[in-house]
Amino acid sequence: MALRTALWTVMTGAAQKAARALKRDFGEVEQLQVSQKGPSDFVSAADIKAEKVLREELTKARPRFGFLLEEGGEVASADGHHRWIIDPIDGTTNFLHGIPHFAISIGLEMDGEIIAGLVFNPIVDEMYYAEKGKGAFLNDKRLRVSARTRLTDSVIATGIPFHGRPGHKPFLKQLERVMDSVAGVRRMGTASLDLAYVAAGRYDGFWEMGLQPWDMAAGILLVKEAGGFITELDGGKNLLGSGNVLAANPKLHKQLLDLISAV
Ligand code: IPD
């Protein structure tokens with residue numbers, strides 16, 4: 001089953017166009033690993049270029065919508081209702097190291113609510129897309145979160161606060177509690193894909209602290225439209241405000257919340 005709306009055409013068209021250059025740039029980055037300076041300037045340029053393509057394409061299609069861009073910041077909307085929330089390369093560290101696990105993430109917000117979301121990993125050609133009330137899809141396949149009911153059978157993903165970020169101590173406590181209760185913990189380094197994998201039932205849950213709105217806007221809707229639960233780590237709803245996120249299938253969400261919120 002496929003979802004083919006006008007918005008789908010606009011969003012997937014923009015993502016496909018930006019992805020063509022990103023894929024070429026990723027090929028270059030793989031070559032640059034052996035140079036001593038590394039590819040970081042090149043990757044910043046690729047990031048900015050991809051964001052420019054996305055902004056141009058989305059503006060052509062919806063000229064009155066605003067933006068929240070990882071690189072370019074806030075651009076006010078002319079219609080006072082809509083804004084695109086965009087990360088041109090989520091998983092920048094993976095991209096920089098030649099690890100083929102990164103994504104373009106585009107969320108669309110209307111009056112403060114996310115109404116469409118796209119997460120695209122161009123390397124494996126996986127396009128995740130959701131619209132509010134219309135379901136979540138991976139390419140043409142309808143998505144459902146996993147049906148596992150026991151933490152001991154579950155694979156849970158997370159994001160580790162890295163150099164310069166706060167929260168190392170509470171994170172280690174959360175990790176200790178979760179790893180003691182589950183079949184496996186994963187840290188793949190691209191939050192938008194972590195959420196998409198929860199929507200696809202590949203992961204049974206995911207948690208991370210301190211995310212930015214562009215890392216998760218699209219993924220939040222993917223999880224909800226695939227039947228999952230997504231809250232802050234204490235059960236609150238201000239996800240984009242706090243950046244603290246816990247997503248899981250409905251059976252496991254409460255169990256994970258109890259483990260993590262006790263820290
Ligand atoms: C990062 C990734 C990563 C997460 C970090 C984010 P970026 O986004 O989503 O998985 O652990 O917290 O900052 O910087 O690659 O766009």
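Quick note: numbers below take in every heavy atom, side chains included, and nothing from hydrogens, waters or symmetry partners. Atoms within a ligand are numbered from 1 in the order they appear, just like the ligands themselves.
The side chain to side chain donor-acceptor pair (under 3.5 Å) pairs that include a residue from residues 95-104 number zero, where partners must be two or more places apart or lie in different chains.
For the pair Asp194 and ligand 1, no heavy-atom separation below 4.0 Å is found.
Residue Ser192 has no N or O atom closer than 3.5 Å to an N or O atom of ligand 1. Here's the thing with Gly91: one of its N/O atoms is less than 3.5 angstrom from an N/O atom of ligand 1.
Close contacts between ligand 1 and Asp87 involve ligand atoms 16 (O) [criterion: under 4.0 Å to a heavy atom]. When each atom of ligand 1 is checked for a heavy atom of Thr92 under 4.0 Å away, the hits are 7 (P), 14 (O), 15 (O), 16 (O). Atoms of ligand 1 lying under 4.0 Å from any heavy atom of Leu211, numbered from 1 in the order shown and given with element: 12 (O).
For the pair Arg186 and Tyr203, the cation does not sit on the ring face, since its NZ or CZ is not both under 6.0 Å from the ring centre and inside 45° of the axis.
The option from Gly159, Gly189, Ser105 that lies nearest to atom 3 (C) of ligand 1, judged by heavy atoms, is Gly189.
Contact of the Asp47 side chain with the Phe95 side chain is not registered, since no non-hydrogen atoms from C-beta on lie closer than 4.5 Å.
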Name each donor-acceptor pair under 3.5 Å that joins a side chain in residues 213-227 to protein atoms two or more places apart or in another chain, with its distance.
{"unit_1": "Asp215", "atom_1": "OD2", "unit_2": "Gln212", "atom_2": "N", "d": "2.9"}
{"unit_1": "Glu225", "atom_1": "OE1", "unit_2": "Gly133", "atom_2": "N", "d": "3.3"}
{"unit_1": "Glu225", "atom_1": "OE1", "unit_2": "Lys134", "atom_2": "N", "d": "3.4"}
{"unit_1": "Glu225", "atom_1": "OE1", "unit_2": "Gly135", "atom_2": "N", "d": "2.8"}
{"unit_1": "Glu225", "atom_1": "OE2", "unit_2": "Gly133", "atom_2": "N", "d": "2.7"}

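Residue contacts with ligand 1, taken as heavy atom pairs separated by less than 4.0 Å, involve Glu208 solely via side-chain atoms from C-beta onward.
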